Amino acid sequence: MALRAAIRNKSALPGLLSQLSCSSHGRVSTSSVFVAQQRKNSTTPKISVDFDQSTGVAVMRMKSPPVNSLSLDFLTEFCISVEKLEMDKSCRGLIITSSLPKVFSAGLDIMEMYGKSPERCGEFWKAVQEMWLKLYSSNMVTIAAINGSSPAGGCLMSITCDYRIMVDNPRYSIGLNETQLGIVAPFWFKDTMSNTVGHRTTEMALALGLLYNPTEALKIGLVDQIVPEDKLMATAEQTMAKWLAIPDHARQITKSMMRKPTLDKLVSKREADIQNFVGFITKDSIQKSLRVYLEMLKKRKA
Amino acid sequence: MALRAAIRNKSALPGLLSQLSCSSHGRVSTSSVFVAQQRKNSTTPKISVDFDQSTGVAVMRMKSPPVNSLSLDFLTEFCISVEKLEMDKSCRGLIITSSLPKVFSAGLDIMEMYGKSPERCGEFWKAVQEMWLKLYSSNMVTIAAINGSSPAGGCLMSITCDYRIMVDNPRYSIGLNETQLGIVAPFWFKDTMSNTVGHRTTEMALALGLLYNPTEALKIGLVDQIVPEDKLMATAEQTMAKWLAIPDHARQITKSMMRKPTLDKLVSKREADIQNFVGFITKDSIQKSLRVYLEMLKKRKA
Amino acid sequence: MALRAAIRNKSALPGLLSQLSCSSHGRVSTSSVFVAQQRKNSTTPKISVDFDQSTGVAVMRMKSPPVNSLSLDFLTEFCISVEKLEMDKSCRGLIITSSLPKVFSAGLDIMEMYGKSPERCGEFWKAVQEMWLKLYSSNMVTIAAINGSSPAGGCLMSITCDYRIMVDNPRYSIGLNETQLGIVAPFWFKDTMSNTVGHRTTEMALALGLLYNPTEALKIGLVDQIVPEDKLMATAEQTMAKWLAIPDHARQITKSMMRKPTLDKLVSKREADIQNFVGFITKDSIQKSLRVYLEMLKKRKA
């Protein structure tokens, strides 16, 4: 099972975000992030949760420097936090945001895919699946308050929510840009995006690994609203209040009706999807391109 | 079988439309409707049909005061009328409109869902299914000339047609707003809407029970055209002429190809869908929220 | 097998394009095409291919006067050309365009459907399927550089590519206009269009046999970009460079993930689809309407 609280030490390493600067679509220079911040010791909580009993709304803040990479540890903590809230009947809504500057989440932690054993890779992938399954099927109203760049897995987390509000800063970007790195968004990333922006936009976005600035993301429907940075949380709370005005049972049945076919697809192919990921990511050619990429990052930081 | 001509007496009661005034999205004040009109005795025809042999086009006018609620009697008469036209080879097109002011149809008659036996609820639901099956698979060109508000079942009837023209009056609204009442649009309502405006717009519209004014409805594709009230029928007839310029057999095969998968889904699950509706609507909690709602309506009328 | 190089003589006959002038949506007058040009002897190649080893990009120019009709001969040559490029590992991208003025491709050659034996009709249809299967599943990046009208099968060829750039000339049009001729676009034409512009737009476009000018086509997403005629090839090459910047294996796996369900559907129903086409097209009523149409064309040319 992917949910494990065991904490592992590992060296500080950038997430997918840093690839933005080498992408023609990227708009975020992340060098300052790397200079200014060090990944904290992994025993520090990577997520903080504030639950307001009076409104029934929890705010989850991701705080895993430098870029909220989705490591196995991070995902484990994330899933446990969501599960706790899910089981608390008084919690009806969840707002997900970042407490780091400029980045929502940089997506899957490349270090979980590089030089790891097949078993470990499989465990990691199961945790990625778990994050998606928990969020996409959540009985809570889920709102992504996207206050920074959100490539790859960060974008997946966002589109898995019920509603997306993004800070209107042209230096932030969002998208499933996996192909730019030589890797591939799996079918359930694709399904989630296709359910959000339609087949054709998804086809082109995934083929080219496109990252969109907030205005572009709003135009194609990848986010639902863009707001100034200082209005983000207030807007998220107002939006949440609108969603919570609907009787829970009616909203939940409706949500399940919309999402069940997509959820069922991964549930029924979960093990095959893990095998597929492990087989792909442990290939020599893929490991080589990850190495080249990581070396490029090191040079840039130096 | 749902098609029955038996006429039943029942007390005058408002349909779903009246909920608009308690919805944050509603734009129609229906109080004048209730003051000005009394539901006529149910032996009066609820629908009038004018068939023009020279054009091959029938106009069906819904005239069941106060708000064209879709009761079992109404649906029975509606389905018989459509079936008659369908069997008349000289009838190639059908325009559906309302002869009541301000309202196209308020949707399913709540009184058919409140305090009724499971058998009766099942019979009612079968008639709702029948209306959808007949219209969505019709060989005729079907155009909804929407001259008033069209929430819930009224919206369903509209999106089941081939084309939708709505009067451009900001006080009219259209949408599947079931969740606002604590009930849920079933999968085939959802499929029909998704085939019209796409997955994501449907997901948000159903979750929040959104009602759209004509301009908004046009923007998301829920209606195809908006026109001034006095141009409605002329526009419907001109549009019909364009559709009838296409050879019937080619148009009909194309229509069937587009809609058959969605139709087949309900046909294969029809009985389960009835059981599901009956089980849901006869729950104590649902009956209670319908009672609360009806009492609120009575107070407002008093 | 549909791939045959055998050349057959046949009299010069116009393709589907000419129907544009009798369509309310058509915008191209093709009379000058018919006056000015004669169909060349069929031993002349109908397609020319220029492959630039330095860029890895091939340009395929259709040159089968008067209107690049998709005859069995044309399709055979087309499929052989695509297959050759596909097998050449150094060829990574394919740009398809026309060397005829004003027309990209007029679509399926009506003469292949009129007065032919069922066997011959079946062979022809298999070649149409083959063209679609090869293009829609191509490992190459495929770009349609649409420099003229592109109705019916010409539109199918375009939407089967990865990207579409159309010359911004309001006299050119594109669309699946089969119903205007009394015939029907089969399910895989429909699926391809639906994957491009969504369910509702496809439903209306196919029912009415709509042809769109470049501005309209851009608006609904039927083409991705419109450019002045003299910028077409340069734009296609720049776009190709962007697509080729993505690692081939990641792009190809992504493309296959997006398109495989649609491809599999035809592969599994291929024989039934041929029988369906042959049964339909050899009907007396359909043959009669094709004859009426062809006679109208002859008169117009005279």
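All figures in this text were calculated on a predicted structure; none of them were measured in a lab. So you know, we letter chains A, B, ... as the sequences are listed, proteins then strands, and number each from 1.
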Practice item. Name the region of Ser285(A), side chain, backbone, both or neither, that has any atom closer than 4.5 Å to a heavy atom of chain C. Key: neither
Review point. Charged N to carboxylate O below 4.0 Å: is that the case for Lys219(A) and Glu216(A)?
Key: no
Exercise for review: Side chain from CB out, backbone as N, CA, C, O: work out which of these in Asp248(C) comes under 4.5 Å of a heavy atom of chain A, or both, or neither.
Suggested key: neither
Exercise for review: Identify whether the distance between the nearest side-chain nitrogen and carboxylate oxygen of Asp273(A) and Lys269(A) falls below 4.0 Å.
Suggested key: no
Exercise for review: Would you list the pairs meeting salt bridge (charged side-chain N to carboxylate O under 4.0 Å, His left out) in which at least one residue belongs to residues 53-62 of chain C, sequence neighbours left out?
Suggested key: Asp50(C)-Arg61(C)
Practice item. Could you have a look at Ile246(C), Asp162(C), Asn195(C) and say which one has the most heavy-atom pairs with chain A under 4.5 angstrom? Key: Asn195(C)
Check your understanding: Who among Pro186(A), Ala207(A), Gly198(A) has the most heavy-atom pairs with chain C under 4.5 Å?
Key -> Ala207(A)
Point to revise | Over all atoms of both residues, closest heavy-atom pair of Ala236(C) and Ile165(C) | key: CA-CD1, 3.5 Å
